[in-house]
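Structure first, then comments.
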Amino acid sequence: MVINAQSIAADLALIREKKPLIHCVTNFVTMNWVANGLLSLGASPIMAHAIEEVSDLVHISNALVLNIGTLEARWINSMKTALDAALECHIPVILDPVGAGATRFRTHTAHDLLAQGGVSVVKGNASEVCALAGEKLTTRGVDSSLTPDEALRAAEKLEHEFGCVVVISGKQDIVIAAGSQLRVYNGTPMMTRVTGMGCLVSALMGAFCAVQDDPFIAAAHTMATCGIVGEIALTNANGPGSYSVSFLDFLSHVNQSSIAQYLTVESHAQS
């Protein structure tokens, strides 16, 4: 399994050519930012959550992204209905368990969605991944109190139990699938100073999964692309405000040449 600038650029070209429709049942704090990010990448976003229409919209979409950032009962029902529809039409599903571990409500909801079946990739920080795996921990809102390496055992447990790819985001990102592990060292601390950066990464993962049959490769391509764009954007920003604009700009034209210049990944078989 090779992850390199050429393989990432090939998926980017497919996204820009096919413009996959990504249905996001996501939180209202970062919805606009996520939609603009998908457009910058070359995908097409739709951000609908009404239970009356989610099933119909999933059936015309190329991927589904579920994000529990602003959770409430109506949205949970919509997410479950959307997940059923995604199973029917066999499209990839990305689950972002925002804040899992902060409350039992969030943890149980994220776990219920995962247990419903059909989730292709779970992407969360170390604390969220540990909470989903049932490990006791202390957490601080939506931020992680652990390092990605401290969540490795929990990620392996989730991967084994639910048969999905698990991504632990952090200072280095770790992508785990059956028998494979890949670490992405790209990125910058500035990315944590823009609210919704993690939500955007999950949505972009939906776009990569829509054009790449292997969810492990799609997840690795997403984390590498976002980290590289994050590094390049920093060269043209004066602070978090201009950085977010710079990120969207570079996301729209990141190419094989810039990826080759910045890409730092390491892959090896799981022990």
Side-chain angles (χ1 to χ4, degrees), residues 15 18-100 102-124 128 132 142 158 162-167 195-213 215 218-219 222:
I15 292 170
K18 295 184 175 181
K19 303 185 185 310
L21 180 62
I22 311 304
H23 184 186
C24 302
V25 184
T26 188
N27 71 77
F28 54 72
V29 175
T30 64
M31 198 177 291
N32 184 65
W33 162 249
V34 169
N36 280 328
L38 281 166
L39 285 170
S40 292
L41 185 68
S44 181
I46 185 163
M47 328 299 280
H49 55 268
I51 197 168
E52 292 84 358
E53 63 176 357
V54 288
S55 181
D56 290 341
L57 291 173
V58 168
H59 277 86
I60 62 170
S61 299
N62 302 108
L64 171 67
V65 179
L66 302 178
N67 177 306
I68 68 167
T70 49
L71 203 57
E72 62 174 47
R74 288 183 306 151
W75 285 32
I76 294 172
N77 291 334
S78 293
M79 289 180 184
K80 290 181 175 178
T81 300
L83 187 49
D84 281 339
L87 275 166
E88 289 174 8
C89 55
H90 306 292
I91 64 170
V93 178
I94 316 303
L95 173 62
D96 189 337
V98 180
T103 67
R104 283 182 292 179
F105 179 51
R106 284 175 181 272
T107 306
H108 290 166
T109 298
H111 193 272
D112 285 349
L113 289 168
L114 188 55
Q116 188 171 327
V119 172
S120 310
V121 183
V122 175
K123 194 229 68 161
E128 291 162 349
L132 267 183
V142 299
L158 289 178
F162 297 105
C164 59
V165 173
V166 180
V167 178
T195 186
M197 186 61 81
C199 303
L200 173 56
V201 172
S202 297
L204 299 182
M205 198 171 289
F208 276 93
C209 283
V211 301
Q212 168 58 252
D213 291 336
T222 307

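Please read these numbers as outputs of a predicted model, since none were measured by experiment.
One distance of note links OG of S55 with CD1 of I60; it measures 11.0 Å at 0.5 Å rounding. For the atom pair CG of L66 and NZ of K80, the computed distance is 12.0 Å after rounding to the nearest 0.5 Å. Taken from CG in L132 to CZ in F162, the straight-line distance is 8.0 Å, to the nearest 0.5 Å. In this structure, the separation between CG on L57 and CD1 on I46 is 4.5 Å, given to the nearest 0.5 Å.
Proximity of a side-chain donor or acceptor of R106 to a complementary backbone N or O of P97 within less than 3.5 Å is not detected.
Sorted by first then second residue, the side-chain hydrogen bond (donor to acceptor under 3.5 Å, both in side chains) pairs that include residues 112-122, not counting sequence neighbours, are D84-Q116. The stretch residues 198-208 participates, sequence neighbours left out, in no salt bridge (Lys or Arg N to Asp or Glu O under 4.0 Å) pair at all. The salt bridge (Lys or Arg N to Asp or Glu O under 4.0 Å) pairs that include a residue from residues 67-76 are E72-R74, where partners are two or more places apart or lie in different chains. Each salt bridge (Lys or Arg N to Asp or Glu O under 4.0 Å) pair with one or both residues in residues 35-44, not counting sequence neighbours, would appear here, but there are none. Contacts classified as ring pair (Phe, Tyr, Trp, His ring centres under 6.0 Å) and involving residues 20-66 (residues at least two apart or in different chains) are given here: H49-W75.
In plain terms, the two heavy atoms of V119 and V122 that are nearest each other are CG1-CG2, 3.9 Å. V58 and A86 get closest at one heavy-atom pair: CG1-N, 3.5 Å. Residues E53 and A48 approach most closely at OE2-CB, 3.4 Å, considering heavy atoms. Taking each heavy atom of V25 and A82 in turn, the nearest pair found is CG2-CB, 4.5 Å. The two residues L38 and C24 have their closest heavy-atom pair at CD1-SG, 3.8 Å. Considering all non-hydrogen atoms of both residues, V121 and V167 come closest at CG1-CG2, 3.9 Å.
Looking at residues two or more places apart in sequence or on another chain, you find no side chain to side chain donor-acceptor pair (under 3.5 Å) involving E52. Under the rule for a side chain to side chain donor-acceptor pair (under 3.5 Å), the partners of T30 that lie at least two apart in sequence or sit in another chain are N27. Applying the side-chain contact (heavy atoms from CB on, under 4.5 Å) test to T109 and every residue at least two apart in sequence or in another chain returns L71, I76, F105, L113. In this structure A218 satisfies the side-chain contact (heavy atoms from CB on, under 4.5 Å) test together with F208, C209, Q212, sequence neighbours excluded. In terms of the side-chain contact (heavy atoms from CB on, under 4.5 Å) criterion, residue partners of N36 (sequence neighbours excluded) are, by chain and number, N32, L39, L248. In this structure A210 satisfies the side-chain contact (heavy atoms from CB on, under 4.5 Å) test together with P20, I22, N62, A63, sequence neighbours excluded.
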side-chain contact (heavy atoms from CB on, under 4.5 Å) between I91 and L64: does it pass, once the steps are laid out? CA-CA 7 Å; I91 64 170; L64 171 67; 4.2 Å; yes
Between V34 and N67, is a side-chain contact (heavy atoms from CB on, under 4.5 Å) present by the stated rule, with each step listed? CA-CA 11 Å; V34 169; N67 177 306; over 6 Å; no
Side-chain donor-acceptor pairs under 3.5 Å in residues 195-207, sequence neighbours left out?
from	atom 1	to	atom 2	distance (Å)
S202	OG	D96	OD2	2.7
S202	OG	K123	NZ	3.3
S202	OG	G198	O	3.2

